[in-house]
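All values reported here derive from a predicted model rather than from experimental measurement.
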Amino acid sequence: MSMSAKIYSIIGLLVLVAVLITGVSIYGIAQINNSTEQLGRLANRSVNLNRVDRIALSRSLAAVRIIVATDPARIKQIVDTMFIPAERDMEAELADYVNNFPDNPTEEMKNYPVQIRALWGEYVKATAELAEMASRNTNNQALALMAGMNSFWENMDKSLAEVISSI
């Protein structure tokens with residue numbers, strides 16, 4: 001074998017090793033990319049569940065504010081600014097949670113959003129009833145009726161005082 005043939009065969013062998021190393025590297029990078037994407041989806045699902053918790057807590061806070069509120073206009077404002085957006089935000093977070101599922105989610109994983117939606121639906125119903133009851137605000141209505149009767153009681157007191165002084 002001539003010297004040029006040996007050089008060409010060494011160069012060919014080096015090119016083959018370089019191609020092999022490149023192929024293994026590309027495969028490794030693809031695996032790392034896939035793992036990174038799966039970890040990103042997992043992290044996004046964790047963030048989604050954190051936001052779901054925050055939305056539920058904000059609705060709970062709104063419910064407490066409604067209980068404390070005495071003005072029906074303030075109660076309506078709380079419902080409009082906190083209850084309604086929370087329902088929209090919850091649906092968006094659950095949709096994003098589903099979008100971040102891995103390529104082959106388990107049945108248990110698929111059921112999580114269904115369970116959360118069911119619990120959220122019950123909670124929304126209960127807090128909506130709470131808002132409705134609070135907006136009736138029967139204690140304030142009773143106080144308003146009592147305040148409206150002040151003139152009656154004042155007249156009654158005057159009349160009784162006149163009767164007593166006439167005796």
Side-chain angles (χ1 to χ4, degrees), residues 14-153:
L14 289 175
V15 168
L16 182 64
V17 168
V19 168
L20 183 65
I21 290 172
T22 303
V24 169
S25 298
I26 290 173
Y27 176 76
I29 290 171
Q31 291 296 87
I32 291 171
N33 185 42
N34 188 32
S35 296
T36 304
E37 183 179 322
Q38 293 300 324
L39 285 173
R41 286 182 176 183
L42 176 63
N44 285 341
R45 285 195 313 271
S46 296
V47 168
N48 292 133
L49 291 177
N50 188 349
R51 287 181 184 154
V52 162
D53 185 48
R54 192 175 336 130
I55 291 167
L57 288 174
S58 73
R59 187 158 182 120
S60 179
L61 176 65
V64 170
R65 286 182 179 174
I66 285 173
I67 291 169
V68 172
T70 56
D71 181 22
R74 174 72 176 133
I75 292 171
K76 181 173 179 1
Q77 178 194 21
I78 292 170
V79 168
D80 291 345
T81 60
M82 296 183 85
F83 272 18
I84 294 170
E87 292 174 33
R88 231 182 10 251
D89 293 345
M90 179 64 79
E91 197 53 44
E93 285 304 322
L94 289 176
D96 194 35
Y97 180 80
V98 170
N99 287 340
N100 286 311
F101 276 173
D103 295 333
N104 53 352
T106 63
E107 286 301 316
E108 183 180 16
M109 186 180 285
K110 289 179 186 178
N111 284 330
Y112 289 151
V114 174
Q115 292 170 351
I116 292 171
R117 277 189 181 99
L119 290 170
W120 177 250
E122 291 175 25
Y123 187 61
V124 165
K125 182 180 175 188
T127 53
E129 289 174 10
L130 177 137
E132 177 61 32
M133 288 182 350
S135 67
R136 288 188 213 130
N137 212 349
T138 55
N139 287 345
N140 280 347
Q141 291 173 358
L143 288 173
L145 286 173
M146 289 291 289
M149 295 173 59
N150 280 343
S151 63
F152 167 76
W153 290 114

Of all heavy-atom pairs between V79 and A131, which one has the smallest distance, and what is that distance? CG2-CB, 3.9 Å
Would you give the length of the straight line joining atom CD1 of I67 to atom OG1 of T127, rounded to the nearest 0.5 angstrom? 10.0 Å
In this structure, CD1 of I29 is separated from CG of N34 (nearest 0.5 Å) by 14.0 Å
Once you round to the nearest 0.5 Å, how far does CG of D89 lie from CD1 of I84? 12.0 Å
What distance do M109 atom CE and T106 atom OG1 have between them, rounded to the nearest 0.5 Å? 5.0 Å
Closer than 3.5 angstrom, by distance alone: can the side chain of N100 be matched with the main-chain N or O of D96 as a donor-acceptor pair? yes
Is it the case that over 12 heavy atoms from other parts of the model lie below 6.0 angstrom from the CD atom of E108? no
Tell me whether R41 is salt-bridged to D103, with the criterion being a basic N under 4.0 Å from an acidic carboxylate O. yes
Atom pair CG (N99) and CZ (R45), whose distance is rounded to the nearest 0.5 Å: 11.5 Å
Aromatic plane relationship, Y97 with F101 - under 30° parallel, 30 to 60° tilted, over 60° perpendicular: perpendicular
Heavy atoms of V98 and P113 approach each other most closely as CG2-CG, 3.6 Å
To check you understand the geometry: which heavy-atom pair defines the closest contact between M90 and I55, and what is its length? N-CD1, 3.7 Å
Check the pair L57 / D53 against side-chain contact (heavy atoms from CB on, under 4.5 Å), numbers first and verdict last. CA-CA 6 Å; L57 288 174; D53 185 48; 3.9 Å; yes
Among V68, V64, I66, L61, find the one that has a side chain to side chain contact (heavy atoms under 4.5 Å, CB included) with I78. I66
For F83, is the NZ or CZ atom of R59 found under 6.0 angstrom from the centre of its six-membered ring and inside 45 degrees of the ring axis? yes
Give a yes or no on whether a salt bridge exists between K110 and E107, defined as a side-chain N under 4.0 angstrom from a carboxylate O. yes
Starting at CG of D71, measure out to NZ of K76 and round the result to the nearest 0.5 Å. 12.5 Å
Side chains of P85 and R88, heavy atoms from C-beta outward: is any pair under 4.5 Å? yes
What's the shortest heavy-atom distance between R74 and A69, and which atoms? CG-CB, 4.0 Å
Going through the checks in order, is the side-chain contact (heavy atoms from CB on, under 4.5 Å) test met by N50 and S46? CA-CA 6 Å; N50 188 349; S46 296; over 6 Å; no
Please examine the side chains of L94 and N48, heavy atoms only from C-beta on, and report whether any two atoms are closer than 4.5 Å. no
